[in-house]
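See structure below.
Side chains are part of it too, since the values below use all heavy atoms of this structure and drop only hydrogens, waters and symmetry mates. Keep in mind that what you see is a predicted model, and the values were worked out from it rather than measured.
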Amino acid sequence: MNKSWMHSDRRSKAYEFGVEAFLNFAVENLLTTTHIRCPCVKCVNLKLFGVGIIRDHVYFNGIDQSYKNWTFHGEPWEATTNASRNVEEDDGHSRYSFVSEEIDMDDNDFGDFGSDPYEFANVIGDGDQPVYPGCRKYTKLSALVKLYNLKAKHGMSDVCFTELLILQGDLLPEGNTIPTSMYEAKKTLCALGLSYEKMHACPNDCILYRKEYEDSTNCPTCGISRWKEGKDSILKEGVPAKVVWYFPPIPRFKRMFQSHETAKSLTWHAARKSIDGQMSHPADSPSWKLLDDKWPEFGNEPRNLRLALSSDGFNPHSSLSSRYSCWPVILVTYNLPP
């Protein structure tokens with residue numbers, strides 16, 4: 001398939017025809033119009049949307065030009081090699097080689113790259129390499145996390161961050177392992193379980209625009225528009241009025257059980273005994289014992305996770321005059337020792 005349109009001007013006919021051909025290709029291969037990965041430079045195939053929203057994103061943000069193999073949209077995988085890097089292959093005996101069982105990741109919940117059950121261990125093993133031969137201070141993974149923190153802290157655009165990665169790669173000695181694009185960087189971080197989903201929401205908190213409401217533009221309950229209203233009272237189509245940031249917990253729970261030490265800590269409560277008869281852990285509480293009595297099948301399995309849910313609002317701008325507030329919802333794992 002001709003992909004030269006990806007480098008064309010977004011106002012050109014070639015780009016327009018290319019976008020439509022791409023969307024048709026994706027729908028034909030994936031057999032869905034509502035759950036397709038968005039290849040724009042901001043989403044970089046991490047988020048699922050309907051065809052209409054993807055079309056808007058690809059026009060407004062541009063398509064990720066490093067996405068040469070459309071593997072997430074039905075194109076057969078072609079193995080590629082990076083001749084500019086001299087990276088030794090991992091021998092498979094890293095400190096994460098205990099990941100021996102298949103991890104059944106839910107693609108809709110998490111949005112992982114690929115379905116390889118060993119992907120997490122491979123990424124960590126790859127991340128343990130020095131950022132360049134002979135470097136002892138930074139590994140590939142620690143350097144990438146530091147750079148990504150800078151991006152978030154100073155509000156760098158994806159294009160700016162990509163150019164910074166390219167410059168870093170040129171400045172460091174030959175054989176360095178710095179990613180060359182935002183796409184590669186996000187792919188590594190996503191495999192670590194650091195991804196999130198942004199869901200459009202009704203300004204009156206009636207619904208989330210997902211599943212059957214994926215392509216809706218107005219709330220079916222209160223009728224208010226999905227899009228933000230500007231100062232001139234004109235709707236900014238494509239700009240959501242309200243957004244919920246969702247960090248899927250299930251992939252993070254699975255990550256916890258991939259470590260021998262953490263997995264042991266998660267079942268610690270079953271083996272411990274209260275010596276002084278005092279409550280030093282939630283496992284000593286009447287609520288814990290009530291749950292065991294009420295649902296014995298759940299209580300008999302020490303690996304089952306017991307969670308506390310907490311939420312509160314705060315003003316992230318430290319300004320009493322600002323009407324903006326943030327309401328994080330936090331899950332705490334009670335299984336872990338103090």
Does the side chain of [X] reach to within under 4.5 Å of the side chain of [Y], using non-hydrogen atoms?
{"X": "F22", "Y": "P39", "result": "yes"}
{"X": "N61", "Y": "H57", "result": "yes"}
{"X": "N304", "Y": "N335", "result": "no"}
{"X": "W268", "Y": "L336", "result": "no"}
{"X": "E174", "Y": "Y132", "result": "no"}
{"X": "T333", "Y": "L307", "result": "yes"}
{"X": "L165", "Y": "L147", "result": "yes"}
{"X": "K42", "Y": "D158", "result": "yes"}

Out of curiosity, [X] [atom1] to [Y] [atom2], how far, rounded to the nearest 0.5 Å?
{"X": "Q65", "Y": "K3", "atom1": "CD", "atom2": "NZ", "answer": "13.5 Å"}
{"X": "I166", "Y": "L171", "atom1": "CD1", "atom2": "CG", "answer": "12.0 Å"}
{"X": "T267", "Y": "R303", "atom1": "OG1", "atom2": "CZ", "answer": "9.0 Å"}
{"X": "I330", "Y": "F247", "atom1": "CD1", "atom2": "CZ", "answer": "11.0 Å"}
{"X": "E237", "Y": "D56", "atom1": "CD", "atom2": "CG", "answer": "6.5 Å"}
{"X": "L172", "Y": "D170", "atom1": "CG", "atom2": "CG", "answer": "9.0 Å"}

Exam field: side chain [X] to backbone [Y], donor-acceptor pair closer than 3.5 Å:
{"X": "S216", "Y": "N218", "result": "no"}
{"X": "S265", "Y": "E261", "result": "yes"}
{"X": "N204", "Y": "C206", "result": "no"}
{"X": "T162", "Y": "S181", "result": "no"}
{"X": "Y15", "Y": "H7", "result": "no"}
{"X": "H281", "Y": "A283", "result": "yes"}

So, [X] versus [Y]: side-chain donor-acceptor pair below 3.5 Å or not?
{"X": "N69", "Y": "T71", "value": "no"}
{"X": "S142", "Y": "T139", "value": "yes"}
{"X": "S225", "Y": "E229", "value": "no"}
{"X": "H73", "Y": "Y67", "value": "yes"}

Is any NZ, NE, NH1 or NH2 atom of the basic residue among D215 and R226 found under 4.0 Å from an Asp or Glu carboxylate oxygen of the other?
->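 Salt bridge between D215 and R226, a charged N being under 4.0 Å from a carboxylate O: no.
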
Presence of salt bridge, K289 and D284, under 4.0 angstrom =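 So D284 does not pair with K289 through a salt bridge.
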
If you draw a 6.0 Å radius around CD in E301, do more than 12 non-hydrogen atoms from other residues or ligands fall strictly inside?
->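 More than 12 within 6.0 Å, yes.
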
Other residues, nucleotides, ligands: >12 heavy atoms within 6.0 Å of E297 CD |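 Atom CD in E297 is not packed in, count stays at 12 or less.
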
Common cluster, [X]/[Y], ILVMFWY with side-chain heavy-atom separation under 4.5 Å:
{"X": "L266", "Y": "W288", "result": "no"}
{"X": "V51", "Y": "W227", "result": "no"}
{"X": "W5", "Y": "L23", "result": "yes"}
{"X": "F257", "Y": "Y334", "result": "no"}
{"X": "F25", "Y": "I63", "result": "yes"}

For the student: nearest non-hydrogen atoms of [X] and [Y], plus distance:
{"X": "A185", "Y": "L144", "result": "CB-CD1, 3.7 Å"}
{"X": "L305", "Y": "F298", "result": "O-CZ, 3.6 Å"}
{"X": "P173", "Y": "N176", "result": "O-ND2, 3.1 Å"}
{"X": "N300", "Y": "P302", "result": "O-CD, 3.3 Å"}
{"X": "K242", "Y": "P203", "result": "NZ-O, 3.6 Å"}
{"X": "C222", "Y": "C219", "result": "N-SG, 3.5 Å"}

Given the rule in the side chain to side chain contact (heavy atoms under 4.5 Å, CB included) test, do I207 and T221 qualify, once you have shown the distances and angles that lead to the verdict?
-> CA-CA 8 Å; I207 62 158; T221 303; 4.2 Å; yes

Is it the case that R37 places NZ or CZ above or below the six-membered ring of F72, under 6.0 angstrom from the centre and within 45 degrees of the axis?
->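 Yes, R37 lies over the aromatic ring of F72.
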
Salt bridge (Lys or Arg N to Asp or Glu O under 4.0 Å) between E16 and K13, worked out = CA-CA 5 Å; E16 180 183 343; K13 283 291 182 183; 3.5 Å; yes

List the steps and the verdict of salt bridge (Lys or Arg N to Asp or Glu O under 4.0 Å) for R55 and E20.
-> CA-CA 8 Å; R55 182 184 288 109; E20 294 307 316; 2.9 Å; yes

Before giving the answer on side chain to side chain contact (heavy atoms under 4.5 Å, CB included), spell out for C38 and L48 the whole-Å C-alpha distance, their side-chain angles and the decisive distance to 0.1 Å.
-> CA-CA 6 Å; C38 179; L48 302 170; over 6 Å; no

Which is it for M182 and K151 under the side chain to side chain contact (heavy atoms under 4.5 Å, CB included) test, yes or no, and what are the steps along the way?
-> CA-CA 11 Å; M182 182 67 184; K151 176 189 185 304; 3.5 Å; yes

Assess whether side chain to side chain contact (heavy atoms under 4.5 Å, CB included) is satisfied between K47 and K198, documenting all intermediate values.
-> CA-CA 8 Å; K47 300 172 187 175; K198 287 201 287 187; 3.4 Å; yes

